[in-house]
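In this chain, numbering begins with 1 at the start of the sequence shown. None of the values given here were measured: they were computed from a predicted structure.
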Amino acid sequence: MIRVRNISVSITSNNLIGKICNKLKIKKSDIINYNIVKRSIDARDKKNILYVYEIDLEVLNEERILNKCKSNAVFITPNLEYEYKITGDIKLNSQPIVVGSGPAGLFCAYFLAEAGYKPIILERGDRVEERVKRVDEFFDTNKLDINSNVQFGEGGAGTFSDGKLNTLVKDKFNRGRKIFEIFVECGAPKEIMYDAHPHVGTDVLRKVIINLRNKIISMGGEFRFRSLVTDLIINNNKICGVVINNKDKIESNVVVLAIGHSARDTFYMLKKRNIEMKAKAFAVGVRIEHPREMIDKSQYGEFAKILGPASYKLTYKTKSGRGVYSFCMCPGGFVVNASSEEGELSINGMSNYKRNEINSNSAIIVTVNSQDFGNDPMAGIEFQRELEKRAYNIGKGLIPVQLFKDFCNKKISTKFLDIIPNTKGGYNFADLNKIFPEYISSSLKEGINYFGNKIKGFNRDDAVLLGVESRTSSPVIILRDELGEAIEGLYPCGEGAGYAGGITTAAIDGVKTFENIIKKYK
């Protein structure tokens, strides 16, 4: 099979086959079959927007075509299979424990189950079905369940997001492709296999997570919900098991920590148990909402209705050297109250599969590091908490909102103009400047005004800002050795441990952790 790259086709044309034939100098009859490997959009020329394809082809006279097409864009299709071998020589006498059922935990558990290890998956929150009910109740009543919310529960924080699956990770072992194949088997749309910016949407992702759970159970895995790991059982610097809900014990000499970036109580427990950690840089800021139609037209011009909801990615370095950038952009989505601790408030973005809500939103965030909050491993957590307490207080328990012009003038808004917030959870007008140190507020203003040069209207007076976006990534990193262990048998992985950022990279790190386990245990 031949792989062909860089096939450009107008979005108004259906002449993909013709373009392939022209590139390879072959006839249509020479093509036996083809499969789209990747599809991206080239929107640099708004009057001639292109789909750019990467295609796998089964053709007649393959060797002749390869000899004729001397180009880096035409080559033999590489092996696409994900393969693993169990090579460990230590007998695993107990079921491995996976703490957390976000993407890292679920995919580590999936492969452990497939390989016959019968993992026990411990999740502090609810299964998806109950979790959705509790989160919807929180949006309606503002009564928070600290163990089952937007951050905690089956599927992890990504279950209430856009379900974005794009990643910059180089995937020479095809882990990511295998993960996508499993997603599709569990109900995700097939186009995630080739779209350059694949997404599932929170509505579809919930169904995928349920099907993935059932697959793991069918292969011997066991799920235990409402099971918060409150302590580790350690003997001679080796993991021996865990304590659940301060009372029940499960013994095991393999424990995977896939706890997510918001498991602050667990991080403190790990510190108490002398598990080595260090503070990690992250970013904080606000969400900004614009009309979806404005963003779509800015990105796609007259073709916006053909191409649908548009994304953007923006970066800027302030005069003081701070990085400001867009993060977790949600076309046609909601801003959601993503709080997980009483008296503190954080937000996130969420879109359904169709991305057809009236506003598009994105986090606009500013980088912070240990020079801002200190070197103690827990310093970043406390920095987040302080911002979230301020957000909760100025919003009177609800999401604080402010028009961009008023944010620049440190004035509390009194009414919306053309843009009405599209939120899950209530909101109140407030001055978002009171959440941040001055260096963050000024960086946000400078960055948003600069982004107005990139997307017309981005810095419009009535753009709606919402706070606070504080959970962009884990504020700590749990140190692990070349075998993936923090201490013998304890495997930190995923976004919470500081080794991933997003659904796909977390899932890939979960698969890597599975591989580390089977290299050691039989």
Side-chain angles (χ1 to χ4, degrees), residues 98 100-111 113-114 119 121 123-140 145 148-167 176-195 197-226 258 260 308-309 328 330-334 336 338 348-357 424 494-495 502-508 510-511:
V98 178
S101 64
L106 284 174
F107 279 94
C108 184
Y110 178 96
F111 286 99
E114 184 182 59
I121 301 93
E123 169 56 54
R124 69 189 294 163
D126 291 312
R127 67 185 69 231
V128 165
E129 298 91 332
E130 286 81 15
R131 182 185 180 196
V132 170
K133 294 176 184 177
R134 290 186 182 276
V135 171
D136 284 345
E137 182 181 3
F138 168 63
F139 291 152
D140 291 338
D145 184 324
S148 192
N149 45 58
V150 170
Q151 304 294 347
F152 300 138
E154 187 180 23
T159 305
F160 290 88
S161 71
D162 188 46
K164 283 180 284 291
L165 302 178
N166 48 297
T167 174
R177 182 178 179 83
K178 181 63 177 179
I179 287 164
F180 280 24
E181 288 174 354
I182 295 168
F183 266 120
V184 172
E185 289 171 10
C186 292
K190 293 180 180 178
E191 60 261 30
I192 69 169
M193 296 301 302
Y194 56 80
D195 272 347
H197 298 286
H199 87 105
V200 179
T202 187
D203 51 344
V204 176
L205 186 57
R206 294 169 187 176
K207 300 172 186 176
V208 171
I209 295 300
I210 292 169
N211 292 333
L212 183 56
R213 178 218 306 157
N214 290 334
K215 274 183 173 285
I216 293 170
I217 292 172
S218 72
M219 294 186 293
E222 175 187 349
F223 284 79
R224 301 186 189 182
F225 296 100
R226 288 286 173 173
C328 187
C330 294
F334 304 89
V336 303
N348 195 13
M350 183 181 92
S351 296
N352 288 324
Y353 175 67
K354 290 184 178 180
R355 291 172 158 177
N356 57 359
E357 293 295 321
K424 294 285 189 178
E495 190 164 349
I503 292 172
T504 301
T505 51
I508 288 173
V511 178

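How far CD1 of Ile210 is from NZ of Lys215: 15.0 Å, rounded to the nearest 0.5 Å. Interatomic distance, OG1 of Thr505 versus CG of Leu165, reported as 10.5 Å (0.5 Å rounding). In this structure, the separation between CD1 on Ile121 and CZ on Arg224 is 10.0 Å, given to the nearest 0.5 Å. Going from atom OG1 of Thr167 over to atom CD1 of Ile503 covers 11.5 Å, rounded to the nearest 0.5 Å. Distance check: Thr504 OG1 to Ile179 CD1 gives 7.0 Å after rounding to the nearest 0.5 Å.
By the 4.5 Å heavy-atom criterion applied to side chains, Phe138 and Val336 are not counted as neighbours. Looking at heavy atoms from C-beta onward, Glu154 lies out of side-chain contact with Asp126 at the 4.5 angstrom threshold. Residues Lys164 and Cys330 form a side-chain contact, since some pair of their non-hydrogen atoms from C-beta on lies under 4.5 Å apart. Looking at heavy atoms from C-beta onward, Phe160 lies in side-chain contact with Arg206 at the 4.5 angstrom threshold. Using a 4.5 Å heavy-atom threshold, the side chains of Ile182 and Phe111 count as touching.
One N or O on the side chain of Thr202 and one on the backbone of Thr159 form a donor-acceptor pair closer than 3.5 Å. Using modelled atom types, no side-chain atom of Ser148 and backbone atom of Gly153 make a donor-acceptor pair closer than 3.5 Å. Distance alone, capped at 3.5 Å, places no donor-acceptor pair between the Glu357 side chain and the Ser351 backbone. For Arg131 (side chain) and Asn149 (main-chain N/O), a donor-acceptor pair under 3.5 Å exists by modelled atom type.
Shortest non-hydrogen contact noted between Val204 and Ala188 is CG1-CA, 4.4 Å. The shortest non-hydrogen separation linking Tyr353 to His199 is O-CE1, 3.0 Å. Minimum heavy-atom separation, Pro189 to Val184: O-CG2, 3.9 Å. Counting all heavy atoms, side chain and backbone alike, Pro119 lies closest to Val98 at CB-CG2, 4.3 Å. The two residues Ala113 and Ile216 have their closest heavy-atom pair at CB-O, 4.0 Å. In this structure, Cys328 and Asn348 approach most closely via the heavy-atom pair SG-OD1, 4.0 Å.
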* Test log, rule salt bridge (Lys or Arg N to Asp or Glu O under 4.0 Å), inputs Lys133 and Glu137 -> CA-CA 6 Å; Lys133 294 176 184 177; Glu137 182 181 3; over 6 Å; no

* **Residue pair Glu130, Arg127: steps toward the salt bridge (Lys or Arg N to Asp or Glu O under 4.0 Å) verdict** => CA-CA 6 Å; Glu130 286 81 15; Arg127 67 185 69 231; 3.7 Å; yes

* To do: Determine, step by step, whether Asp145 and Phe152 satisfy the side-chain contact (heavy atoms from CB on, under 4.5 Å) criterion, reporting the C-alpha distance in whole Å, the side-chain angles of both residues, the deciding distance to 0.1 Å, and the verdict.
  => CA-CA 10 Å; Asp145 184 324; Phe152 300 138; over 6 Å; no

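Checked against the 6.0 Å centroid criterion, the rings of Phe183 and Phe107 qualify as a close aromatic pair.
By the 4.0 Å N-to-carboxylate-O rule, Arg213 lies too far from Glu123 to be salt-bridged with it.
Aromatic ring orientation, Phe225 versus Phe223: parallel (interplanar angle below 30°, classes split at 30° and 60°).
When each of Val200, Leu205, Asp162, Asp203 is paired with Asn352, the side-chain contact (heavy atoms from CB on, under 4.5 Å) condition holds for Asp203 and for no other.
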